[in-house]
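Order of the sequence lines fixes the chain letters, A, B, ..., with proteins taken first and strands second; residue numbering starts at 1 for each chain.
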2 protein chains.
Amino acid sequence: MIRVMIADDHQLFAEGLRDALDSQPDLRVVGVAADGSEMLTVLAAQPADVVLVDLEMPGMDGIETLRALPRGLPALVVSMHVNEDTRTAARAAGAAGVFSKSASLHRLAAAIRALAAGRVLIDLGDDELETVLVEYEQPQLDPGAASLTEREIEILSLLAQGVSSTEELAERLYISQKTVKNHLASIFQKLSVSDRTQAAVEAIRLGLARRR
Amino acid sequence: MIRVMIADDHQLFAEGLRDALDSQPDLRVVGVAADGSEMLTVLAAQPADVVLVDLEMPGMDGIETLRALPRGLPALVVSMHVNEDTRTAARAAGAAGVFSKSASLHRLAAAIRALAAGRVLIDLGDDELETVLVEYEQPQLDPGAASLTEREIEILSLLAQGVSSTEELAERLYISQKTVKNHLASIFQKLSVSDRTQAAVEAIRLGLARRR
DNA sequence: GGGGAAATAGGTCATGCGGCCCATAGGGGA
DNA sequence: TCCCCTATGGGCCGCATGACCTATTTCCCC
């Protein structure tokens, strides 16, 4: 689980980003601050693995904040307007990457995973950056969840939508109730859970409720 | 369920807001567009009850978009910089409300509920606006969910965290297994579900997984 | 061609679960 | 005062659920 902290004075953006990143199964937003000094305070009580910093903030702005961050804590600058100047300033202040607010959530999540793995993105060319982001595109799931088969994911998806009875699951998938129970048993093992309620909760956490 | 559509060219903001609003049990983001004309296209295929429009957008900007929206569809302007000029322009173009991106998610959600209920916020003074927002602060739950007792919510919260067996629920709450089953039976009735898996799914949808 | 994984399906069995009764104590509103 | 709601607890019963084991077919990879 990668712990993320956000510093941004636009509360709607920060709270939206928090919920969006939290919906990634391998990311967890552990704190949201409105400026740099607030983030430093929160960081003291609540460690994080990666921090996101807005450049334009009242009080302690992004550049100052970057300089004040503990060494070894990767920081990703997320700014409204990104150009060569901001990029250079961010690099000089120790940022590990720079993203525009026009970037997609998908790419931001990939960048956070890359930073948590120790990669530095800010010196990369466009092509290299692309390669790295693709590499970290997928949520880093637990070994169990990663080995789920297509059919098992399909069943989990239905479970996460409230299709709980063996009978209805079998009807929805055009297979026998016996096969459904076999798949469920396999799912329970892979997810280390003991019944379909826990499996449903885990499926929702893994983001499987939004498919088909 | 209030259907919301978002038009904003800053993808991170739009996607973050989408997930954040979706996490409100009574709101559902049915579309996200990068500018006004794209939103009109999506709207044609997917009706919405309230739209959120950014003022600063490339292509068809916020003011043009407001003018082009169907009559009767309440629009909330969500802009980076809000001042008297933007407020006047938005009102003239038919916006039902104006919010800064520095507003909180909580207030935005309340405003969306107010608009869906037919209220117009843009002509209100600060005090009046405050009164209305407080009125629409709480998610509008189904009659069933609204009548849940404290104890039932406690059990649902545990269920939503994967505490599924009668035995463990009883241990966590220091009550007998029999009482747990009685509470569960009452929960099933109120939520119109038939087993604890469906109850857990519904509990997560209602946002009960985040408590205690 | 052979081995392994996945999807399909069956059997058995103990037990957990949900439905439907009832009872008691406490608190709050009519 | 009396009644209703909530929280607590019990009994009973039928069936669904989960654990364990076997088997067949298909498909892909070595």
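- When the options A:Ile187, A:Thr166, A:Val163 are evaluated for a side chain to side chain contact (heavy atoms under 4.5 Å, CB included) with A:Arg196, the one that passes is A:Thr166.
- The residue A:Ser165 sits close only to the backbone: its heavy atoms come under 4.0 Å of sugar-phosphate atoms, none of a base.
- Across its full length, the helix from C:dG1-D:dC30 to C:dA30-D:dT1 shows an angle of 50° between the axes of its 5 terminal pairs at either end, rounded to 10 degrees.
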Scan nucleotides 5-8 of chain C against the protein and return all N/O pairs shorter than 3.5 Å with their distances rounded to 0.1 Å.
from  : atom 1 : to       : atom 2 : distance (Å)
C:dA7 : OP1    : A:Thr149 : OG1    : 3.3
C:dA7 : OP1    : A:Arg151 : N      : 3.2
C:dA7 : OP2    : A:Thr149 : OG1    : 2.7
C:dT8 : OP1    : A:Arg151 : NE     : 3.3
C:dT8 : OP1    : A:Arg151 : NH2    : 2.9
C:dT8 : OP2    : A:Arg151 : NE     : 3.1
C:dT8 : OP2    : A:His183 : NE2    : 2.8

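- Looking only at side-chain heavy atoms (C-beta outward), B:Ile112 and B:Leu52 come within less than 4.5 Å of each other.
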Readout for nucleotides 24-30 of chain C: B = base within 4.0 Å of protein heavy atom, S = sugar-phosphate only, - = neither; 5' to 3' it is -------
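- Put simply, CD on B:Gln189 is 11 Å from P on C:dC21, counting in whole angstrom units.
- With A:Arg3 contributing its side chain and A:Arg28 its backbone, the two residues share no donor-acceptor pair below 3.5 Å.
- A side-chain hydrogen bond (donor to acceptor under 3.5 Å, both in side chains) check over residues 4-13 of chain A, counting only residues at least two apart or in different chains, returns the pairs A:Asp8-A:Lys101, A:Gln11-A:Glu15.
- Chain B approaches DNA chain D within less than 4.0 angstrom (heavy atoms of the protein), and the contacting nucleotides run 5' to 3' from D:dT6 to D:dG11.
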Please assess A:Val42 against A:Met39 for the test side-chain contact (heavy atoms from CB on, under 4.5 Å), listing each intermediate value before the final yes or no. CA-CA 5 Å; A:Val42 181; A:Met39 182 161 80; 5.7 Å; no
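- Applying a 4.0 Å cut-off to non-hydrogen atoms, the residues of residues 191-201 of chain A that approach DNA chain D are A:Ser194, A:Asp195, A:Arg196, listed by residue number.
- In this structure, B:Glu167 atom CD and C:dT15 atom C1' are separated by 12 Å, rounded to whole Å.
- Note that the NE2 atom of B:His106 and the CD atom of B:Glu137 stand 3.5 Å from one another [nearest 0.5 Å].
- More than 12 heavy atoms of other residues, nucleotides or ligands sit less than 6.0 Å from atom CG of A:Asn83.
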Test A:Glu130 against A:Arg107 for salt bridge (charged side-chain N to carboxylate O under 4.0 Å, His left out), laying out the working first. CA-CA 9 Å; A:Glu130 211 50 46; A:Arg107 289 167 62 82; 2.9 Å; yes
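- A donor-acceptor pair under 3.5 Å is absent between the side-chain atoms of B:Asp19 and the main chain of B:Asp22, judged by distance alone.
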